[in-house]
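Reading through the C-alpha cells given below for one structure.
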Amino acid sequence: MSMEPDSEPGSPELAARELDRLKELLIGPEKAEISELRQVVEGQEIEPRAVGAVLPDAILLRQGEDDRLADALAPTIEAAIQTSVQRDPSTLANAIFPLMGPAIRKSISQSLAAMVEGLNRTVEYSFTPRGLSWRLEALRTGRSFGEIVLLKSLVFRVEEVFLIHREGAILLEHVVAPTVVSRDPEMIASMLGVLHDYIHESFTVGEEQALEHVEFGDLVLEVVRGPKAILVATVRGTAPRSLRERMLETLEEIHAEKSRDLANFEGDTMPFVTTRPLLFDCLEEERRETKPNPMGKLILASACVVAMVLLVIYAFNVVNRRDRWRKAIAALESEPGLVLTTAREEDGGYVFAGLRDPLARDPLDLLQAEAGIDPANVSGEWEPYHALTPEMVLSRIQGLVPAPSTAEVSWADGRLTLSGRARHAWIVALRTVALAVSGELELDESALVDIDLEQAQAAAARLETQALRFPPGEGRLAADDPRLRPLLDAFRDLERAARQAEARVRVDLVAVQTEDGTASVPGLFLPRAEFLRSLLDQVSSGWARLVVSEESRVGDEVALRVRLDPAE
Amino acid sequence: MIRKKVCMLGAFAVGKTSLVARFVDRMYSDRYETTVGVRIRKKSLEVAGRELSMVLWDIHGEDDFQSIKSSYLRGAGGVLLVADGTRAGTLDTALGLRQFAQDLIGEIPFLLLLNKTDLVAQWELDKGSLAKLEEAGWRVRRTSAKEGEGVEEAFVELAALMVEP
C-alpha cells in the first residue's frame, strides 16, 4: 500500500481514499452493474427496446397458463377493429377479401349444386310409375313431393350434428344439412342428456356403458362420447359403420383442439364456433345409384309433347271462344230492334237477354250466323218492345202496307220518302199506317205518281178534246151518233179514276164559237148543252158535277172543261 | 352466446312448473299437473350486454316416491330453490335439496323463492328461520306464479349472478 504525499498519515481524508481504492479492487465490476441496474429501476420510463425483447415470450408463456391475457386483450382488439372500420372500412375489407371471396363462392356453388341436383331428381322421378306412387305418398303424408323424392333416393343422410358438453348437457355447437329444418337444438341437446341419464340411472348398467344408438322409425340418433363432450348425429336412413368412426375422429379432434375450453367451460359457447367446419364434415349422405331409364325419358318426352298439344288446343279454344264472344256482342248490339242488357258466360254456355222488337231478327239465328254460336248453348229471355229506329219503323210500315212493285218506300234525310207509281188507295193506307206506327213522321211524296189521279187527268184531257159539232140549227144529236161513244167513254173513265183518286170533279159545259167561222145561232147553245148533260147524266156514277155555264156565250157550240181537285 | 343450465328444485306442488311457465310463456294455469322426470324449457335474455340462453330444467318435485337423480344437477350453472309459503314443510325440503346440490356440484349461484304470495294470509313459514337464512347470505325472494309477482325479477337476478357472480 503506498502513501499519498499530500496527506498526513492517519488523517480522515487519507482513510476515505484508501477505502475507495480497496472497494475498487474488490467489487469494481459488480459496482458498475449495480449502478446500471439502479438507473433502470429508478428511471421514470421503461426502455421500449427492453420490453419489446421480452414481450413475445411473455405472451406465449402467459397464453399457455390461462385465458386472462386473451380476456384482457379482447376489448382493446375489438375497439381497434371498430376504430379501423369507422375510419376506413376498405382497409379491413381488403385484408379479409382473400378469405371471404373464395368462401362466398364456395357457399354459393354448393347451394346451387344442391338445388340443381334436387331439381334433377324431382324431374327424373316425376313421370315414372315409382314417381307417381311417391306422389301419392306425398299426398297421403302431407309432405312435399321433393322431400319424398329425397328421402326415397337416399341411402342415408346426416341431417343434424350436435356437439354437447357432458356436464349439464349444454349445446356447444350445432350444424344442419341444407333444406333440413331444425327445431330448437338447445332443448334437443338437453333432452338427449336427460334421456341418457334416465336410462343410465334407471337400469343396471356399468359406468362405462352409454347410450350409443337410438332408432325412431327411419330416424336414427348416433351418439359418440368423449371425456368432456358428446357428438350426436341425427341420421335419416341406414348409416354405415364408417359414420361412427368419422364421428369419433371428429370428437377426438375437437377434444384435442379444445381441451382447455372443454375443461373450463362455464357457459360461453364462443370458443366452439371454430368447430363448425369439423361438424359440417360429418353431414354425410349417400344416394342410391340410379340407372338411366330410356323408357322414362321417352315417356317424359311423350308427356311433354302431349302437354304441348293440349296447351295449344286449349289456347286455340280460349282465343276462339273470345273471338266468338266479341262477334256475338257486336252482332247483337248493332242489330236494329234488339237492345242487349245482359251478356255473360255461364257453365260453359252463354246467357244473352234484353229487349226485342217482334220485327227484329231472331237473336239465336243472328248468333249462329254472325258468331258461329250453337243455339243450344244460349239461354236468356228477350222482352218484346216496339223500336222507333228508322229501320224498324220502315220495316213495320212495309210489313203492314206492302209496296207495289212500281213504288218504293225508303228512309232518307230523316224523312219517309215515297217514289215511283202507286194506286191512290195504297198511298192513303201508307200515310195512315206510317203516322200510327211512328207517331210523328215527315213524308216526301214529291217523286211519287198517284196512278188514279194520273188516269183521271188523262181522261179529263181526252174529254176536253172531244169536239162535238151539232148539225146546223139542230139542238140534238142522234142517239146512235158514233161521235158520242168516245165522249161518254172518256167521261166514264174520268169519273172512275177521279173516284179512285178521291179527286173532286167538275165538268163545265161551255159555249164556244164554231171553228170554221160560221155564224152562231142564238138560242141553240142551251138546248145543245142540256142535251149533252142529259146524256152524261145517264152514264154518270154521280161522282162528277155537271154544270152548264151560261156566263160566256160566245158561240152556239158546246165544249167540255174539266176541273180536278185532288184530295188533300 | 352464453348457455347456462338452471335447475328448478323444490318439493312437489310448490309451483316450479308454474314459475317456469310464467317466466317463459307469461302464462299461468290453475290446473295442477305433476311433473314426471324433467321438463326442459328455454328462455333467452340479455344480461350485461351479453346474450344468455337459460336452459331451464324443471325437475320433478321431491317426495317419498321420486328422489331427484343426481345426474340432473350436473353441469348446472344456477339453482332456483322453490318453497310453498303455505306449507312450512316445503322450506325444509328446499334446505335439504340445497345441501344435496351443494354436496354434488359445489357452490353455484342460487335463489330461494317463497312462492304463492297471492295466498300470503295462509302462510305458515317461520319468520325467524327466514331471517336467519337471509343473515347467512341467502337470497330469499317472494314470488307468485299466479299473479306474476317477483317471477321475472327472480330469474333475471339469477341470470345476472350466473354471468357476473
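Chain A is the first sequence line, chain B the second, and so forth, proteins listed ahead of strands; every chain is numbered from 1.
Between the side chain of A/Thr269 and the backbone N or O of B/Ile2, no donor-acceptor pair lies under 3.5 Å.
Of the charged side-chain nitrogens involved, none lies within less than 4.0 Å of a carboxylate oxygen, so that B/Arg74 and A/Glu167 do not count as a salt-bridged pair. The residues B/Arg50 and A/Asp268 are annotated as salt-bridged, a charged nitrogen and a carboxylate oxygen being separated by less than 4.0 angstrom.
More than 12 heavy-atom neighbours from other residues, nucleotides or ligands sit within 6.0 angstrom of NZ on B/Lys43. Environment of CD in B/Glu153: crowded, with over 12 heavy atoms of neighbouring residues, nucleotides or ligands closer than 6.0 Å. No more than 12 heavy atoms of other residues, nucleotides or ligands shown are found within 6.0 angstrom of NZ on B/Lys132. The local environment of CE in B/Met27 is sparse, with at most 12 non-hydrogen atoms from other residues, nucleotides or ligands closer than 6.0 Å.
Scanning both residues, B/Gly75 and A/Ile170, for their nearest heavy atoms gives O-CD1, 4.1 Å. Closest approach of A/Met187 to B/Ile40, counting heavy atoms only: CE-O, 2.9 Å. Of all heavy-atom pairs spanning B/Arg3 and A/Leu172, the tightest one is NH1-O, 3.9 Å. For the pair A/Gly168 and B/Trp57, the tightest heavy-atom approach, listed with the atom from each and the gap, is O-CZ2, 3.6 Å.
Here the straight-line distance linking atom CD of A/Glu186 with atom NZ of B/Lys5 works out to 14.0 Å at 0.5 Å rounding.
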